[in-house]
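Here is how names work: the chains are called A, B, and so on, in the same order as the sequence lines, proteins then strands, and each is numbered from 1.
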There are 2 protein chains.
Amino acid sequence: MDKPYILLADILKRHGYSITKPRQTVFTLLINQEPQSMYTLTSRAKGKIDRASVYRTIRIFEEAGIVQRIYIGWKYKVELTDIFSRHHHHLSCLRCHKLLALPEDNTIEKRITVLTNKHHWVVTNHQLEVQGYCEHCQKIESFNL
Amino acid sequence: MDKPYILLADILKRHGYSITKPRQTVFTLLINQEPQSMYTLTSRAKGKIDRASVYRTIRIFEEAGIVQRIYIGWKYKVELTDIFSRHHHHLSCLRCHKLLALPEDNTIEKRITVLTNKHHWVVTNHQLEVQGYCEHCQKIESFNL
DNA sequence: CTGCTTGCAAATCTTTTGCATTGAA
DNA sequence: TTCAATGCAAAAGATTTGCAAGCAG
């Protein structure tokens, strides 16, 4: 068994959930993937796990901090949290909904620390979502920013 | 006609959309409001604008950078973007759920610009949500971070 | 005028639920 | 063995679409 699966089992156990085949399969579908829609996820699970179980699994994964939802365009997508992948931010295009991951950035993290220290808070995590227009969509003639 | 309506008209025009009564009405429903769900919005619009038109309006508003969706609780909500209200970030306490608004911060905004310029995107807005423990909750004895 | 917008109603997509059955611990 | 978890089918919600009629430019 591989490292992330041991971590997964550990987290599930800590939260009082049992380690089942369907849950491990859903997890597999999330590893090393871009954020994906529930439609994509349930499609990829088709034949293996029922749609309802995928939803149920994602729900408990979210509750346990294994996955997080990010909102893009009208819909949301899911991805593994920072525990399983490097921390990053998202840049999304308001027109075509293309999504780009921005790498972790020390300047920003440090600045957050400075700001929050002023208020004497202990910060544990944060999310930064940036919207704009991608290189391609800026050029569309009939479209003036 | 009031200032925000002039700005609204201006943005719509720039994006090639016409200024219609329903669009102005939806805009009115968004002014000076907390972020609201589509259900709330369509309910408040009932009798005046059809549900489908509210959705169509919100979609083009988002594309034009007039509204943004934010993730609060389980569902998303919509609110006017920073163009129409002062930009700020949120700091929320994981234990007592206290919410603090952080003022706009130039260091962060500048850093976002640097990061996104690399990708040749035009950035219009962003949201930063920070979580942690507030001054008070850190001190609670029975509570170990 | 002319083409973009709207309302209406129906269609489609997304997510959840009830229940009998299966499987993990 | 026991109770949580699953698949299936159906219900409930949320969002979109086609089309004729109405308005902005």
Next item on the list: State, to the nearest 10°, the angle formed by the axis through the first five base pairs of the helix from dC1(C)-dG25(D) to dA25(C)-dT1(D) and the axis through its last five.
Entry: 60°

Notebook entry, point to check: Counting only side-chain N and O atoms of Tyr55(B), is one of them less than 4.0 Å from OP1 or OP2 of dT6(C)?
Noted result: no

Please list, one pair per line, the donor and acceptor atoms closer than 3.5 Å that link side chains of residues 38-45 of chain A to other protein atoms, with sequence neighbours excluded.
from, atom 1, to, atom 2, distance (Å)
Thr40(A), OG1, Ser37(A), OG, 2.9
Thr42(A), OG1, Met38(A), O, 2.8
Thr42(A), OG1, Tyr39(A), O, 3.0
Ser43(A), OG, Tyr39(A), O, 2.6
Arg44(A), NE, Gln36(A), OE1, 3.3
Arg44(A), NH2, Leu29(A), O, 2.4
Arg44(A), NH2, Gln36(A), OE1, 3.3

Next item on the list: Figure out the NE2/C1' separation between His15(B) and dC4(C), and round it to whole Å.
Entry: 17 Å

Check: Does any pair with a residue in residues 21-41 of chain A pass salt bridge (Lys or Arg N to Asp or Glu O under 4.0 Å), and if so which ones, sequence neighbours excluded?
Finding: none

Item checked: 4.5 Å side-chain heavy-atom contact, Ile83(B) and Ile11(B) -> yes

Could you run down the sub-3.5 Å N/O contacts of the protein with nucleotides 1-3 of chain C?
none

Next item on the list: Could you check Tyr39(B) against Ser53(A) and say which one's nearest nucleotide on DNA chain D is further toward the 5' end?
Entry: Ser53(A)

Check: Is any side-chain N or O of Arg51(B) closer than 4.0 Å to OP1 or OP2 of dG7(C)?
Finding: no

Next item on the list: Side-chain contact test, heavy atoms from C-beta onward, threshold under 4.5 Å: evaluate it for Leu100(A) versus His90(A) and give yes or no.
Entry: no

Checklist line | Per-nucleotide protein contact string for nucleotides 18-25 of chain C (B base, S sugar-phosphate only, - none; heavy atom under 4.0 Å) | finding: B-----SS

Notebook entry, point to check: Who passes salt bridge (charged side-chain N to carboxylate O under 4.0 Å, His left out) against Asp10(A), sequence neighbours left out?
Noted result: Arg14(A)

Check: Pro22(B) side chain: which of dC8(C), dT15(D), dT6(C) is closest?
Finding: dT6(C)

